Protein chains: 2
Amino acid sequence: MAANGADVLRARDEATCRIREILDRVGDKWSLTVISELGQESRRFTELKNAVPGISQRVLTATLRGLERDGLVRRTVHPVVPPRVDYELTPLGRTLLDTAWTLMTWALEHMDEIDEARTSYDHAN
Amino acid sequence: MAANGADVLRARDEATCRIREILDRVGDKWSLTVISELGQESRRFTELKNAVPGISQRVLTATLRGLERDGLVRRTVHPVVPPRVDYELTPLGRTLLDTAWTLMTWALEHMDEIDEARTSYDHAN
DNA sequence: CGGAATCCTTCTCGATACTG
DNA sequence: CAGTATCGAGAAGGATTCCG
């Protein structure tokens with residue numbers, strides 16, 4: 001890992017927009033969840049739909065298309081009947097997996113603190 | 001009796017849901033950028049607005065309120081004229097800083113690969 | 001200066017129906 | 001099975017105005 005926080009900040013002026021553009025993909029409502037789901041093994045469309053409760057078919061399709069476009073996910077269509085489509089992480093997608101895990105782990109570890117803060121904040125107003 | 005499959009799935013779904021709830025905060029359009037901006041030192045409202053190009057006043061306010069509610073940011077109002085409001089990371093917010101940098105670093109390092117993937121994808125269709 | 005309130009436009013998303 | 005097409009409700013977001 002070459003860049004550190006200071007590098008990120010130094011490059012900020014040129015790249016803030018670019019970073020944000022990419023965080024939009026990665027940080028959107030479902031992408032990290034889908035990526036972490038694909039981290040284990042390749043999945044079929046319906047398997048993903050069931051594995052990610054609450055996501056609609058429409059949005060799952062859009063999410064997967066976006067991830068595929070960004071080279072994070074590979075979509076493989078098997079010419080069989082009934083159709084079978086497998087999704088798996090690309091090597092690039094797999095490099096994101098570690099970071100995704102870090103973020104999700106953070107969320108898990110600090111969930112309670114955040115809950116307390118929210119309760120406290122809401123109670124104060 | 002050990003937990004059955006349904007229990008496991010239910011627990012996992014709830015965890016997924018909670019994680020997503022928190023990722024919504026952290027992974028939204030601006031939060032990580034604001035947090036990384038506050039990583040260096042406390043900032044005034046207008047300083048933040050200038051430091052985060054493209055954010056509107058309305059959305060910056062909402063973002064800061066959300067971060068404050070979750071205990072990630074502390075808001076300090078100085079009773080002076082003209083008003084002065086400082087924002088700084090809480091200790092909890094600071095624990096997120098490392099992860100935020102990791103994610104932004106990932107974005108920086110893989111920006112070019114993503115650009116290529118997008119170009120390739122768009123050209124294929 | 002740091003907002004809150006309002007208006008108004010855009011985008012998102014879920015539900016539904018249909019298809020190769 | 002794995003989508004696409006379409007529609008409508010609601011949320012999100014920008015611009016503007018006003019205020020202590």
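All of these numbers come straight from a predicted model, not from anything done at the bench. First the proteins, then the strands, lettered A, B, ... as listed; each starts at 1.
- In this structure, L48(B) places its CG atom 10 Å from P of dG3(C), rounding to the nearest Å.
- Relative to the axis of its first five pairs, the axis of the last five pairs of the helix from dC1(C)-dG20(D) to dG20(C)-dC1(D) sits at 50°, rounded to 10 degrees.
- Closest of all the heavy-atom pairs between L38(B) and Y87(B) is CD2-O, 3.4 Å.
- Judged by distance alone, the side chain of S31(B) and the main-chain N or O of D28(B) form no donor-acceptor pair under 3.5 Å.
- With S120(B) contributing its side chain and E116(B) its backbone, the two residues share no donor-acceptor pair below 3.5 Å.
- Looking only at distances, no side-chain donor or acceptor of E68(B) sits under 3.5 Å from a matching main-chain atom of R65(B).
- For dC1(D), neither phosphate oxygen OP1 nor OP2 lies less than 4.0 angstrom from any side-chain nitrogen or oxygen of Y87(A).
- When all heavy atoms of T76(B) and E88(B) are compared, the pair lying nearest together is OG1-OE2, 4.3 Å.
- Between the CZ atom of R43(A) and the C1' atom of dG3(D) there is a distance of 20 Å, rounded to whole Å.
- Shortest non-hydrogen contact noted between R43(B) and L48(B) is CB-CG, 3.9 Å.
- Separating the CG atom of L64(B) from the P atom of dC1(C) is a distance of 17 Å, rounded to the nearest angstrom.
- The distance between atom CZ of R75(B) and atom C1' of dG3(C), rounded to the nearest whole Å, is 8 Å.
- Distance L60(B) CG to dA12(D) C1': 16 Å, rounded to the nearest Å.
- Residues M104(A) and L32(A) share a closest heavy-atom pair of SD-O, 4.4 Å.
- For D28(B) and dG13(D), the CG to C1' distance is 13 Å, given to the nearest whole Å.
- Atom P of nucleotide dG3(C) and atom NE2 of H78(B) are separated by 11 Å, given to the nearest angstrom.
- Within the 4.5 Å cutoff, no side-chain heavy atoms of T99(A) are placed close to those of L103(A).
- A donor-acceptor contact shorter than 3.5 Å links the side chain of T90(A) to the backbone of L72(A).
- Taking only side-chain nitrogens and oxygens, T46(A) comes nearer than 4.0 Å to OP1 or OP2 of dA2(D).
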Reading nucleotides 11-20 of chain C 5' to 3', which nucleotides get B (base under 4.0 Å from a protein heavy atom), which S (sugar-phosphate only), which -? --BBB----B
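- Between E47(A) atom CD and dG3(D) atom P there is a gap of 13 Å when expressed in whole angstrom units.
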